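Working notes for the structure below.
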Amino acid sequence: MPTPHIRTTRRLRLLPHILLGLALVAVPTTALANTAAPGPAGSGPTAAHQEARVTADGLDDPAKKDIAMRLVSSAENSSLDWQAQYGYIEDIDDGRGYTAGIIGFCSGTGDMLDLVELYTDREPGNPLAPYLPALRQVDGTDSHQGLDPGFTGAWEEAAGDPAFRTAQNDERDRVYFDPAVARAKQDGLGTLGQFIYYDAIVMHGDGDDDTSFGSIRQRALDVARTPAQGGDETEYLNAYLDARVWAMNQEEAHSDTTRVDTEQRVFLDAGNLNLEPPLDWKVYGDRFHIG
């Protein structure tokens, strides 16, 4: 039987009046991936040594970033093949219109509009350019007005263009990956902590509501100090994951917390703060491995 789960899409422009809806049914996939990763850069008791470790072994290292993309894809798509998702597009009935691409850009929350505008700036006359007026019109709603029936086919066609794939990568980094990693480094967190922040901002966005990335971080700070504040990294990350689970449980569509419980918490409990392979975890009951 397929494993039901939500392809969650929480964005900076949140829609507070919309209730989250039906789960997307995805086919479970168990995959193996061989991902090379650099060894530790060294560590020491000083702040300078800690900063060197975070910088050298951070999530923005290409091998570690690829691991992060695979981990997120295991939860979002039940597959480690995140690069197969550029052409994905579907309305998953969560009140955000169409969800599409490698990070779940949404027609109702503004980030899909930003993406198509960027793509059109770089490649005028692309298959999605004619839909820009409609995307501006439906922003903030779940409407397909002006998009149907041709938009999904145009998206899939555009996914064959390297310029569109690059634009997706760039918007993912600008809106989600880079801010999350930068904030984690400021908090003195290693690679695992940087990933934990990134996965949270992908799901919850960086808005100002109680379940946003910033609110989750503040809830953790209420009970633990970051390494940058002189706190213990593992203790703080446990507090952060506790806060993340609380936030997920506030919405029915997010209430399956296995991406925390049987993924991120597994790595943390193992003391794998540098997110070094091999990695074994489960999401929605599906097993995954990166060797």
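Small disclaimer: the values here were computed from a predicted structure and weren't measured.
- Closest approach of Ser107 to Leu147, counting heavy atoms only: CB-CD1, 4.3 Å.
- In this model, no donor atom of one side chain and acceptor atom of the other lie less than 3.5 Å apart for Asn77 and Ser79.
- Here the NZ-CG distance, from Lys282 to Asp280, works out to 11.5 Å after rounding to the nearest 0.5 Å.
- In terms of modelled atom types and a separation under 3.5 Å, the side chain of Ser215 and the main chain of Asp209 share a donor-acceptor contact.
- Of the inter-residue distances, the one linking Leu115 atom CG with Thr120 atom OG1 reads 9.0 Å to the nearest 0.5 angstrom.
- At distances below 3.5 Å, at least one donor-acceptor pair connects side-chain atoms of Lys64 with backbone N or O atoms of Asn274.
- Taking 4.5 Å as the limit, every side-chain heavy atom of Val138 sits out of range of all side-chain heavy atoms of Met112.
- Between the Thr226 side chain and the Gln229 main chain, a donor and an acceptor come within less than 3.5 Å of each other.
- The ring pair (Phe, Tyr, Trp, His ring centres under 6.0 Å) pairs that include a residue from residues 259-283 are Trp281-Phe288, where partners are two or more places apart or lie in different chains.
- Pairing each heavy atom of Glu233 with each of Gly190, the nearest pair is OE2-N, 2.7 Å.
- Gln85 contributes a side-chain N or O that, together with a main-chain N or O of Asp81, makes up a donor-acceptor pair within less than 3.5 Å.
- Distance check: Asp210 CG to Ile216 CD1 gives 10.5 Å after rounding to the nearest 0.5 Å.
- For the pair Pro277 and Ile67, the tightest heavy-atom approach, listed with the atom from each and the gap, is CG-CD1, 3.8 Å.
- Using a 4.5 Å cut-off on side-chain heavy atoms (C-beta onward), Thr166 and Tyr119 make no contact.
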Review point. Can Phe105 and Asp114 be said to form a side-chain contact (heavy atoms from CB on, under 4.5 Å), step by step?
Key: CA-CA 9 Å; Phe105 301 99; Asp114 291 343; over 6 Å; no
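- Closest approach of Gly104 to Thr99, counting heavy atoms only: CA-CG2, 3.7 Å.
- Side chains of Lys65 and Gln194 form no contact here, defined as non-hydrogen atoms less than 4.5 Å apart.
- At a threshold of 4.5 Å between non-hydrogen side-chain atoms, the residues Glu76 and Trp82 do not count as touching.
- A pairwise comparison of heavy atoms in Ala154 and Pro127 identifies CB-O, 3.6 Å as the closest pair.
- The pair Asp206-Arg183 fails the salt-bridge criterion, with no side-chain N (NZ, NE, NH1 or NH2) lying under 4.0 Å from an Asp/Glu carboxylate O.
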**Study point:** Evaluation steps, salt bridge (charged side-chain N to carboxylate O under 4.0 Å, His left out), between Arg122 and Asp161
**Key:** CA-CA 12 Å; Arg122 295 175 177 178; Asp161 181 359; over 6 Å; no
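- Side-chain heavy atoms closer than 4.5 Å link hydrophobic residues (I, L, V, M, F, W, Y) into clusters, and following such links, even through other members, never connects Leu118 to Leu132.
- Between Thr109 and Asp139, every side-chain heavy-atom pair lies at or beyond the 4.5 Å cut-off.
- Atom OG of Ser74 and atom CD1 of Ile290 lie 7.5 Å apart (nearest 0.5 Å).
- A salt bridge between Asp178 and Arg174 is absent, with no side-chain N of the basic residue lying under 4.0 Å from a carboxylate O of the acidic one.
- Between Arg172 and Tyr198, the closest side-chain pair of non-hydrogen atoms falls below 4.5 Å.
- Between the side chain of Arg165 and the backbone N or O of Ala159, at least one donor-acceptor pair lies under 3.5 Å.
- With hydrogens and angles ignored, the 3.5 Å screen pairs no side-chain donor or acceptor of Ser73 with any backbone N or O of Met69.
- Looking only at side-chain heavy atoms (C-beta outward), Glu171 and Tyr176 stay at 4.5 Å or farther from each other.
- Here the side chain of Asp111 pairs a donor or acceptor atom with the backbone of Cys106 at under 3.5 angstrom.
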Practice item. Check step by step if side-chain contact (heavy atoms from CB on, under 4.5 Å) holds for Tyr98 and Leu135. Key: CA-CA 10 Å; Tyr98 281 118; Leu135 285 171; over 6 Å; no
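- The two residues Gly160 and Pro162 have their closest heavy-atom pair at O-CD, 3.5 Å.
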Distance-only donor-acceptor hits, side chain of residues 238-246, under 3.5 Å, sequence neighbours excluded:
| unit_1 | atom_1 | unit_2 | atom_2 | d |
| --- | --- | --- | --- | --- |
| Asn238 | OD1 | Arg265 | NH1 | 2.9 |
| Asn238 | ND2 | Thr234 | O | 3.3 |
| Asp242 | OD1 | Arg265 | NH1 | 3.4 |
| Asp242 | OD1 | Arg265 | NH2 | 2.9 |
| Arg244 | NE | His204 | NE2 | 2.9 |
| Arg244 | NH1 | Asp199 | OD2 | 3.1 |
| Arg244 | NH2 | Asp199 | OD2 | 3.1 |

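- To the nearest 0.5 Å, atoms CG (Asp256) and CG (Asn249) are separated by 10.0 Å.
- Contact of the Ile102 side chain with the Tyr88 side chain is not registered, since no non-hydrogen atoms from C-beta on lie closer than 4.5 Å.
- When Phe164, Tyr86, Tyr131 are each tested for a ring-ring contact (aromatic ring centres under 6.0 Å, His included) with Trp155, only one passes: Phe164.
- Residue Ile103 holds its CD1 atom at 10.0 Å from CD of Gln168, rounded to the nearest 0.5 Å.
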Practice item. Begin from the C-alpha positions of Val266 and Asp261 and carry the test side-chain contact (heavy atoms from CB on, under 4.5 Å) through to its verdict. Key: CA-CA 7 Å; Val266 168; Asp261 302 332; over 6 Å; no
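- Side chain of Asp187 to backbone of Leu189: no donor-acceptor contact under 3.5 angstrom is found.
- Counted within 6.0 Å of CD on Gln83, heavy atoms from surrounding residues, nucleotides or ligands total more than 12; the atom is thus considered enclosed.
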